[in-house]
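These notes are about the structure you will find just below.
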Amino acid sequence: MKRFVVGAWHWVDDRLGISDLIGPSLKHLVPRDARWWYVFGSATLLAFIVQVVTGVALAFSYIPSSSQAYETLEFITNQAPFGSFLRGMHYFGASAMVLMVGAHMAQTFLFGSYKFPREMNWTTGVLLLGFTLVMGFTGQLLRWDQTATWSVVVAAEQAGRVPLIGDFLAQFILGGKTLGGATLSRFFAIHVFIMPALLFVFIGFHLLLVLRHGIAEPPAGKPVNPATYRAEYEELMRKTGHPFWPEGAWRDFVVGTALIIVIALLAYFVGPPALDKPPDPSILNADPRADGCLLWYFQFLAWTPPPLSPFVMVFSPAVIRCAPVA
């Protein structure tokens, strides 16, 4: 049996070149001091994989129709085998993905890993953070209950305050002038097709940049000199670097395993968010709240003085993108 498996692997590897593709990724050198602070990127990728797997499973039963979405989610939660557990995994996986990508960007910023020659690594990371937040925002509406629908109305009202293009943004979010079936269809397309495709593309590009420029060494307290940095980094890797596999990969494995266990435990014991009442536009005393992965952003806007909030919404992403590289 062992001989058959090994032979089959060699045959497939010879035809597809899997070793030639993956081998350099596993063998690339990483700084010897790159320890537990460097696991957040792979943890984010693993959380995204959890989202894809659970999302595909949920999509088999979900119907993106304003007349059936609520009923299908009730069916998934209360009757479908493992439906409640899958919804819980998807919900807490989203929070984990936002948490991990935030921790990854914080570590990158604090360690100065956005500097030469990794400016594009930082740029693609900021874009991936934005795509992740859009995934969380669009996924909330798919519950199609009172809280989800009014949360989108609040978001459209916020977008409508953006100077010059506010009306266009509000109508783009709602799929028209009011919330309805077109809104749900638009959010479903963005959440299931557009955002995952963009995430796959930019994650691949981000990983290629990591392989090209290497993992940044921990900050040494000296400024980066573009004229000499590459030679200094290559010399450091020759002297103290070690292959990512297995010396570095085992930490990613430990953190990734722990992350999946925590998500699964929360999904099993806490469960998915309870469905509110079906959407009813005649009820105006609703108290919509964003999901946990986006609650911080809405709270940040709530603390912002009203005259400044349009400028904060427009210019804060640009500040995040440009300030570290300056």
Side-chain angles (χ1 to χ4, degrees), residues 64 66 69 94 97-98 101-102 105 109 114 119-120 122-144 146-203 205-206 279 281 284 286-326:
S66 58
M97 187 174 175
V98 173
V101 73
M105 292 195 67
F109 179 80
Y114 54 82
E119 299 93 335
M120 289 301 297
W122 174 262
T123 302
T124 54
V126 171
L127 290 174
L128 288 169
L129 172 63
F131 297 153
T132 301
L133 296 179
V134 172
M135 282 278 288
F137 172 63
T138 54
Q140 180 176 355
L141 180 67
L142 301 189
R143 291 203 298 269
W144 202 244
Q146 187 78 343
T147 299
T149 52
W150 277 105
S151 296
V152 172
V153 172
V154 171
E157 289 288 340
Q158 291 177 343
R161 295 164 61 186
V162 175
L164 300 179
I165 60 172
D167 290 340
F168 168 78
L169 289 178
Q171 292 190 33
F172 177 81
I173 290 174
L174 296 177
K177 294 186 179 296
T178 60
L179 185 141
T183 314
L184 178 60
S185 298
R186 176 162 297 192
F187 273 55
F188 181 80
I190 294 173
H191 185 75
V192 174
F193 299 111
I194 298 176
M195 284 300 111
L198 289 174
L199 281 165
F200 274 117
V201 170
F202 279 88
I203 286 173
F205 186 38
H206 193 71
L284 302 179
D287 184 24
R289 293 179 178 272
D291 283 344
C293 60
L294 292 173
L295 190 59
W296 63 273
Y297 176 70
F298 282 80
Q299 185 62 54
F300 174 72
L301 292 179
W303 287 337
T304 304
L308 297 179
S309 58
F311 301 96
V312 171
M313 286 187 286
V314 173
F315 294 112
S316 58
V319 171
I320 294 173
R321 157 65 184 89
C322 298
V325 184

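Residues passing the ring-ring contact (aromatic ring centres under 6.0 Å, His included) test with Phe205: none are found, sequence neighbours excluded. Scored by the side-chain contact (heavy atoms from CB on, under 4.5 Å) test, Pro64 finds Tyr62, Phe188 as partners (sequence neighbours excluded). Residues that satisfy the side-chain contact (heavy atoms from CB on, under 4.5 Å) test with Leu127, not counting sequence neighbours, are Phe131, Phe202. Residues that satisfy the side-chain contact (heavy atoms from CB on, under 4.5 Å) test with Phe172, not counting sequence neighbours, are Arg186. For the side-chain hydrogen bond (donor to acceptor under 3.5 Å, both in side chains) test, no residue two or more places apart in sequence or in another chain qualifies with Ser66. A search for side-chain contact (heavy atoms from CB on, under 4.5 Å) contacts involving Leu169 returns Ala159, Val162, Ile165, not counting sequence neighbours.
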Pairs under 3.5 angstrom only: tabulate donor-acceptor contacts from the side chains of residues 177-185 to other protein residues two or more places apart or in another chain.
unit_1: Thr183; atom_1: OG1; unit_2: Leu174; atom_2: O; d: 2.4
unit_1: Thr183; atom_1: OG1; unit_2: Gly180; atom_2: N; d: 3.1
unit_1: Thr183; atom_1: OG1; unit_2: Gly180; atom_2: O; d: 3.4
unit_1: Ser185; atom_1: OG; unit_2: Gly181; atom_2: O; d: 3.2

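Pro279 and Gln146 get closest at one heavy-atom pair: CA-OE1, 3.3 Å. Summarising the geometry of Phe187 relative to Ile173, their closest heavy-atom pair is CE1-O, 3.0 Å, with the distance given to 0.1 Å.
Met97 CE to Leu133 CG: the interatomic distance, rounded to the nearest 0.5 Å, is 9.5 Å.
Residues Trp144 and Leu141 meet the side-chain proximity criterion, which asks for heavy atoms closer than 4.5 Å. Taking 4.5 Å as the limit, some side-chain heavy atom of Met105 sits within range of a side-chain heavy atom of Trp122.
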